[in-house]
Protein chains: 2
Amino acid sequence: MTERRDAILDAAIKLADEQGLEAVSMRSVAERVGVTPMALYPHVGSKTALLDAMMGRLLGELLPTLNAHVSWQDQLRDLAHEGRSLSKRHPWFARLQFDRPAVEPGAVRVVDAVYQALLKAGVPEADVPRLERLLSTFIVGYGASEASGRFGPVDPRGRRGQLPEGDLPAHHQLASWLDREVDWDAEFEADLQDLQRLIVAAAHEAAGQPGSAPAGS
Amino acid sequence: MTERRDAILDAAIKLADEQGLEAVSMRSVAERVGVTPMALYPHVGSKTALLDAMMGRLLGELLPTLNAHVSWQDQLRDLAHEGRSLSKRHPWFARLQFDRPAVEPGAVRVVDAVYQALLKAGVPEADVPRLERLLSTFIVGYGASEASGRFGPVDPRGRRGQLPEGDLPAHHQLASWLDREVDWDAEFEADLQDLQRLIVAAAHEAAGQPGSAPAGS
DNA sequence: ACCTGAACACCGTTCAAGT
DNA sequence: ACCTGAACACCGTTCAAGT
């Protein structure tokens with residue numbers, strides 16, 4: 001039915017994967033599909049709508065992996081790993097999430113899955129939306145940082161070469177650690193561990209002082 | 001001396017503040033300065049160099065506020081608040097940090113200040129760079145999420161209107177919380193509290209099991 | 001040394017026209 | 001119903017030319 005639209009999205013995503021988001025233009029996508037740029041408009045509406053649809057497609061990939069019958073720890077870890085996997089396969093994805101709100105219905109379904117896990121963990125209802133935003137901000141931000149080079153040293157010889165060492169005492173003290181190359185998978189894992197403890201703490205505090213019904217009810 | 005360059009940066013930043021980053025073009029900046037687009041090139045090199053310089057200017061604003069003679073808690077809180085204040089005054093700033101690595105020397109000075117605070121808190125040297133990345137990813141991500149609308153409801157009537165409620169059980173359960181409008185300053189504060197506890201936990205673990213010298217020394 | 005004007009190879013999008 | 005070609009108002013950047 002909307003076979004043509006799918007072909008356009010496929011071409012746009014493949015183009016972004018191979019040459020970066022800035023290589024995605026109506027003209028380049030059209031050429032890939034084998035059609036005139038203007039022929040895209042009836043199918044995708046506009047360039048921003050095309051970018052929205054690209055995000056929706058990837059968020060849709062995230063959904064089938066959801067499994068409600070596992071522990072909240074496993075559910076959150078699975079979602080975090082799927083999100084990071086998406087960011088690694090499609091380096092433009094995280095940046096796009098910081099460019100515009102995700103308007104596709106897939107986005108809200110993923111948020112609901114995180115809500116479910118946090119509720120199962122015993123987080124008080126009042127804190128669930130905030131902690132979901134904290135977690136998603138970190139996971140999307142981690143992907144965007146990796147993709148943009150924000151994490152890596154600017155200079156191949158290491159950042160410390162840029163300035164006289166006297167100006168950067170902590171860099172100097174940490175020199176032996178900063179010279180190591182980082183295992184980004186292991187770092188992501190360690191971060192998730194720390195954030196999971198943060199969730200446990202939020203749940204324990206709630207158990208200590210119950211009675212957290214919404215003031216409006 | 002380079003008075004002209006500063007005038008160009010001023011114009012570009014003001015333009016981005018007023019009309020968004022996508023309104024910043026060599027042509028629009030030149031018009032604001034009262035000069036031909038081509039006259040910018042000797043002063044800023046290229047458009048990407050102009051964007052780098054805009055980031056450098058804002059990161060430079062962050063530095064004078066640094067004060068080494070306060071507790072690590074206050075130092076981290078001050079830096080976090082200054083960073084968020086920057087994101088509020090210049091909504092394009094966070095997004096730009098996820099677009100490209102910060103190449104200006106100001107960036108590494110801010111990182112060093114965070115390193116100093118984490119070391120003072122008792123975080124083991126091996127964990128300091130990771131926790132700096134965790135904190136900066138959150139703070140920049142929070143600014144980018146606010147600016148992009150990623151946090152806010154897509155539909156003014158709330159997100160839940162988009163899908164049948166049966167598909168979103170946790171949204172349904174949390175309905176009374178999700179209908180409230182959020183105080184983003186308070187949320188940022190609560191997040192910082194949680195993250196500060198994470199730092200304390202990392203420091204306590206280190207005190208329990210000492211001997212964390214780099215393997216290479 | 002600093003700026004200008006014309007030009008080149010790109011953009012997203014509109015609109016009338018074709019089949 | 002779907003696609004095309006020409007056109008419009010933009011981009012960043014190069015280059016020869018002006019003062």
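Letters A, B, ... mirror the listed sequences (proteins, then strands); counts begin at 1. Heavy atoms only: backbone and side chains are in, while hydrogens, waters and symmetry mates are out.
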- Query: Which whole-number value in Å describes the distance from A:Arg5 CZ to D:dC2 C1'?
  - Reply: 16 Å

- Query: Does the distance from a Lys or Arg side-chain N to an Asp or Glu carboxylate O, for A:Glu104 and A:Arg109, drop under 4.0 Å?
  - Reply: no

- Heavy-atom contacts under 4.0 Å between residues 30-45 of chain A and DNA chain C, which residues? A:Met38, A:Tyr41

- Expressed in angstrom and rounded to an integer, what is the separation of B:Glu22 atom CD from D:dC10 atom P? 15 Å

- Note on the structure: When rounded to whole Å, the CG to P distance for the pair B:Leu51 and D:dC11 reads 14 Å

- Message: Expressed as a whole number of angstroms, how long is the span from B:Met26:CE to C:dC10:C1'?
- Response: 16 Å

- Note on the structure: Counting only Watson-Crick and G-U wobble pairs with both atom distances below 3.5 Å, the stems of 3 or more consecutive pairs that include DNA chain D are C:4-8 with D:12-16, C:12-16 with D:4-8

- Message: Heavy atoms from C-beta onward define the side chain here; which of D:dC11, D:dT13, C:dG12 lies closest to that of B:Ser46?
- Response: D:dT13

- Query: Parallel, tilted or perpendicular for B:Phe151 and B:Tyr142, by the 30°/60° rule?
  - Reply: perpendicular

- Is it true that B:Asp10 and B:Lys14 make a salt bridge, defined as a side-chain N closer than 4.0 Å to a carboxylate O? no

- Message: Between B:Glu61 and B:Arg89 (salt bridge meaning N to carboxylate O under 4.0 Å), is one present in this structure?
- Response: yes

- Task: Using a strict cut-off of less than 4.0 Å between a Lys/Arg side-chain nitrogen and an Asp/Glu carboxylate oxygen, indicate whether B:Arg197 and B:Asp194 qualify as a salt bridge.
- Result: yes

- Item | Partner residues of B:Ser136 under the side-chain contact (heavy atoms from CB on, under 4.5 Å) criterion, sequence neighbours left out | A:Arg150, B:Glu132

- Note: B:Asp185-B:Arg84 ion pair, threshold 4.0 Å (strictly below): yes

- Query: Among side-chain atoms of A:Gln116 and A:Gln75, is any donor-acceptor pair under 3.5 angstrom?
  - Reply: no

- Message: From the set D:dC3, D:dA7, D:dC11, return the single nucleotide nearest to any side-chain atom of B:Arg27.
- Response: D:dC11

